[in-house]
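What follows is one structure encoded as structure tokens, with my remarks underneath.
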Number of protein chains: 2
Amino acid sequence: MSGVTIYQVAREAGVSPSTVSNFLNGRPGRMLPQTRTRVADAIDRLGYRPNRAARQLRTGQIQVVGLIVPSVANPFWGNFARYLERAALADGYHVLLCNSEREPDRERRYLEELWADGIRGVVLCSSLPSLDHVLPLVSAGLSLVAFDRTAQAGDPGSLVNISVDNVVGAHLATAHLLELGHRRIAFVSGSLRSVNRRERFRGFTDALEQAGMDPTEAIVWSGGAEQEPYGDLDAAGLGRAAAHELLHSDKPPTAIVAINDMCALGISAGIRDAGLRVGQDVSVVGFDDIVLADLAAPPLTTVRQPIGDMAAVSFRHLRSRIDETDTGPSQSLLLRPELVVRASTGPAPDPRE
Amino acid sequence: MSGVTIYQVAREAGVSPSTVSNFLNGRPGRMLPQTRTRVADAIDRLGYRPNRAARQLRTGQIQVVGLIVPSVANPFWGNFARYLERAALADGYHVLLCNSEREPDRERRYLEELWADGIRGVVLCSSLPSLDHVLPLVSAGLSLVAFDRTAQAGDPGSLVNISVDNVVGAHLATAHLLELGHRRIAFVSGSLRSVNRRERFRGFTDALEQAGMDPTEAIVWSGGAEQEPYGDLDAAGLGRAAAHELLHSDKPPTAIVAINDMCALGISAGIRDAGLRVGQDVSVVGFDDIVLADLAAPPLTTVRQPIGDMAAVSFRHLRSRIDETDTGPSQSLLLRPELVVRASTGPAPDPRE
DNA sequence: TAGCCTTGCTGCATCGTTCCACCGGTAAAT
DNA sequence: ATTTACCGGTGGAACGATGCAGCAAGGCTA
């Protein structure tokens with residue numbers, strides 16, 4: 001224990017504990033300036049720090065939010081966690097970290113634990129289409145911000161969804177390739193079950209359609225669904241396998257849109273395996289703009305998720321829900337992605353060569 | 001609030017709150033079997049969950065440990081965080097996440113906050129040679145496990161250090177290259193100020209010496225010290241720059257030992273930039289074995305840190321310090337690294353070619 | 001049968017903070 | 001002259017769980 005209590009401060013300052021409490025809790029106007037300085041001095045002198053447990057017991061408030069991510073070992077989530085923690089810290093909040101491994105049951109158990117800990121706000125990063133498993137907690141009063149996910153039918157009544165605009169993002173990526181003259185473009189991902197992957201695919205087909213192409217004839221590679229539903233951890237391995245397969249087909253694509261950067265890096269490796277040059281023989285676009293995208297050889301053209309902003313927005317919304325300054329109905333917030341052109345994309349190779 | 005208190009459970013079961021408390025706190029033998037089941041049933045029926053704040057206020061105990069890492073955006077730390085959280089969860093503990101960005105001042109502030117939150121155990125991931133900035137907290141009673149760091153003179157009295165054996169690790173890497181016939185081997189890192197980097201360098205020179213070579217003639221590239229003391233974030237960019245420089249020197253190395261995997265990946269990119277083949281023209285060894293090492297093209301030979309074990313061991317030691325089952329003096333624990341041979345290393349090229 | 005132990009349970013003070021109710025005193029409003 | 005309002009504070013009851021001291025009731029010894 002820090003040891004020093006509000007009583008000791010009160011005695012040191014020659015006032016009552018209530019006055020010290022008033023001083024600490026935004027009512028410093030309730031006392032004479034001299035009293036105020038006496039209290040402030042006493043706090044300094046004794047090195048007093050309020051006991052959070054006692055405060056929480058009394059008020060029911062706690063300055064901690066929960067963060068549930070699939071796995072913080074994934075650089076994308078690690079990065080998000082870092083920015084969320086930064087935003088929280090700026091408001092004096094701490095972040096409790098939970099890794100769900102995308103298992104609904106673990107998500108639910110975590111939420112229950114957090115609730116029992118007195119935590120009233122959680123950022124849930126789960127692309128699961130259904131949130132049925134967390135409904136009871138939400139109706140009990142838990143504030144939830146769902147990240148990387150847009151609203152779905154059957155969602156709880158008061159949910160904030162925050163996500164990048166996946167349709168726009170994939171559209172940007174695809175349009176970029178079309179502009180470079182590519183016509184045989186492939187879309188590569190793992191299973192398409194999760195919400196955001198479905199959206200990215202739609203952005204892809206929309207762009208093709210706008211260019212007057214038939215999206216039903218698009219090359220779509222979507223494997224690995226059986227072993228690992230969301231193709232999360234081995235996205236890169238998946239991409240590599242996809243590249244091998246696609247490049248050895250009759251009419252190989254000249255450009256590939258990947259579901260995310262890890263996948264794109266795998267695809268790049270696969271292209272090299274086939275003796276081709278990334279960005280010259282075959283162009284590749286990723287999604288996310290993880291740190292590695294810029295470090296790869298060649299650096300990866302990708303769709304940047306404004307992850308810092310998204311984390312800050314997530315925290316801000318969560319806080320206003322917790323503080324009940326915002327009690328509105330469910331809403332979705334889509335942040336605008338940005339195309340970052342690097343060297344993994346280039347003009348379509350001349351077919352006459 | 002979960003709402004239901006120990007009093008309601010007591011009334012429901014027809015006993016006193018004390019009995020419910022006894023039931024919950026490992027003294028179920030102090031009552032008749034029938035009483036026990038009545039209490040258990042009441043808890044079930046009401047869905048009672050103990051209020052942690054109240055419990056913490058009363059006992060001073062809290063089932064949360066702190067984790068301070070340089071940045072969870074770095075895959076290595078993200079991975080460690082994941083495993084630490086797993087170990088903690090198995091014991092019913094939660095993990096509070098803090099990103100220090102390697103700033104001593106932030107480390108200190110975090111520790112003070114955690115202390116005020118009632119947290120009595122923290123895993124501190126800091127390679128800073130001096131821990132002076134956290135001494136006051138430790139002597140106040142905070143249990144500290146220092147990760148990725150070995151004991152130094154001037155450390156606080158009761159500190160557990162957990163780290164991989166860096167000397168052995170770098171020795172393994174270097175010996176592997178020597179066995180492959182390489183003689184011109186370079187060591188590449190950012191600043192050498194941090195503890196583990198110094199150790200890895202020693203492992204490198206030791207291995208050269210054992211092979212009958214003069215370590216003072218070894219090729220050492222250690223740049224970027226001015227701009228960014230620990231070369232953490234742009235380790236890859238650093239590696240790339242190093243590769244460019246080294247490969248254009250009079251007598252370029254045929255093999256390179258990198259301070260870590262990110263750096264090694266950068267070096268690989270630099271080798272390709274120079275029109276050479278990684279693993280054939282120039283061999284590269286990394287350190288850490290991050291997920292990406294296996295996904296790179298070519299896959300990276302590296303020294304694996306048993307990160308899962310290290311996280312589990314860290315938590316176990318931390319807990320026994322918190323519980324005061326282990327109050328021994330300061331100690332260091334070195335886990336054994338393992339060489340993982342992949343395709344980024346190969347026989348030294350024939351000098352006659 | 002008095003004295004003492006054991007068993008199974010309860011009463012109550014306590015952890016540190018908050019915040020509502022209230023106090024005496026003075027000044028302004030009615 | 002009485003009411004009302006405010007000022008600068010204080011008192012004390014919570015918040016929910018814990019664990020010590022203690023208390024009946026029954027059993028044991030002598």
Side-chain angles (χ1 to χ4, degrees), chain A residues 1-40 42-43 46-64 92 115-120 141 323, chain B residues 1-43 46-64 92 115-120 141:
Chain A
M1 283 297 139
S2 169
V4 31
T5 77
I6 207 171
Y7 283 90
Q8 300 174 32
V9 174
R11 196 183 318 151
E12 178 84 10
V15 296
S16 77
S18 307
T19 301
V20 181
S21 176
N22 281 333
F23 173 84
L24 293 168
N25 292 282
R27 279 171 288 275
R30 283 286 146 91
M31 64 202 69
L32 293 177
Q34 38 178 325
T35 313
R36 202 177 310 152
T37 56
R38 281 224 311 285
V39 173
I43 287 175
L46 299 175
Y48 166 77
R49 286 187 166 272
N51 179 316
R52 313 252 184 164
R55 179 173 280 180
Q56 186 195 342
L57 178 60
R58 187 60 235 254
T59 64
Q61 302 292 314
I62 185 181
Q63 304 268 93
V64 176
W115 180 255
D117 277 353
I119 290 170
R120 294 296 168 260
D323 298 347
Chain B
M1 285 295 141
S2 167
V4 32
T5 77
I6 206 170
Y7 287 88
Q8 300 174 32
V9 174
R11 197 183 318 150
E12 177 84 11
V15 295
S16 77
S18 306
T19 301
V20 180
S21 175
N22 280 331
F23 173 84
L24 293 167
N25 292 281
R27 278 170 289 276
R30 287 255 173 265
M31 64 199 69
L32 292 178
Q34 38 178 328
T35 312
R36 202 178 309 152
T37 56
R38 281 224 311 285
V39 173
D41 287 354
I43 288 176
L46 299 175
Y48 167 78
R49 285 186 166 274
N51 178 315
R52 315 249 184 167
R55 180 174 277 181
Q56 186 194 343
L57 177 60
R58 190 57 233 256
T59 64
Q61 303 292 313
I62 184 180
Q63 304 267 94
V64 176
W115 180 255
D117 277 353
I119 289 170
R120 292 298 168 260

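Here is the naming used below: chain letters follow the sequence lines, and residue numbers restart at 1 for every chain.
- Between A/Ile6 atom CD1 and D/dT10 atom P there is a gap of 12 Å when expressed in whole angstrom units.
- B/Glu12 contributes no side-chain N or O that, together with a main-chain N or O of B/Val39, makes up a donor-acceptor pair within less than 3.5 Å.
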How does protein reach along nucleotides 6-13 of chain C, written 5' to 3' as B (base within reach of a heavy atom under 4.0 Å), S (only sugar-phosphate), or - (no contact)? --SSBBBB
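- Rounded to a whole Å, the CZ atom of A/Arg55 is 9 Å from the P atom of C/dC19.
- To the nearest angstrom, C1' of D/dT10 lies 16 Å from CZ of A/Arg11.
- Atom C1' of nucleotide C/dT17 and atom CG of A/Asn51 are separated by 8 Å, given to the nearest angstrom.
- Looking at A/Ser21, its side chain never comes within 3.5 Å of a backbone N or O of A/Pro17 through a donor-acceptor pair.
- With rounding to the nearest 0.5 angstrom, the CE atom of B/Met31 is 10.5 Å from the CZ atom of B/Arg38.
- Taking atom CZ of residue A/Arg52 and atom P of nucleotide C/dT17, one finds them 12 Å apart after rounding to whole Å.
- To the nearest angstrom, P of C/dG16 lies 10 Å from OH of A/Tyr48.
- The line from CZ of B/Arg11 to OG1 of B/Thr5 is 8.0 Å long, rounded to the nearest 0.5 Å.
- In this structure, the CD atom of A/Gln61 is 13 Å from the C1' atom of D/dC15, given to the nearest Å.
- Of the residues listed (B/Leu24, B/Thr19, B/Ile43), the one engaging B/Ile6 in a side chain to side chain contact (heavy atoms under 4.5 Å, CB included) is B/Leu24, and it is the only one.
- The interatomic distance linking B/Gln56 (CD) with C/dG16 (P) rounds to 12 Å, in whole Å.
- Residue B/Pro50 places its side chain closer to D/dA17 than to any other of C/dT17, C/dC19, D/dA17.
- For A/Gln63 (side chain) and A/Arg52 (main-chain N/O), no donor-acceptor pair under 3.5 Å exists by modelled atom type.
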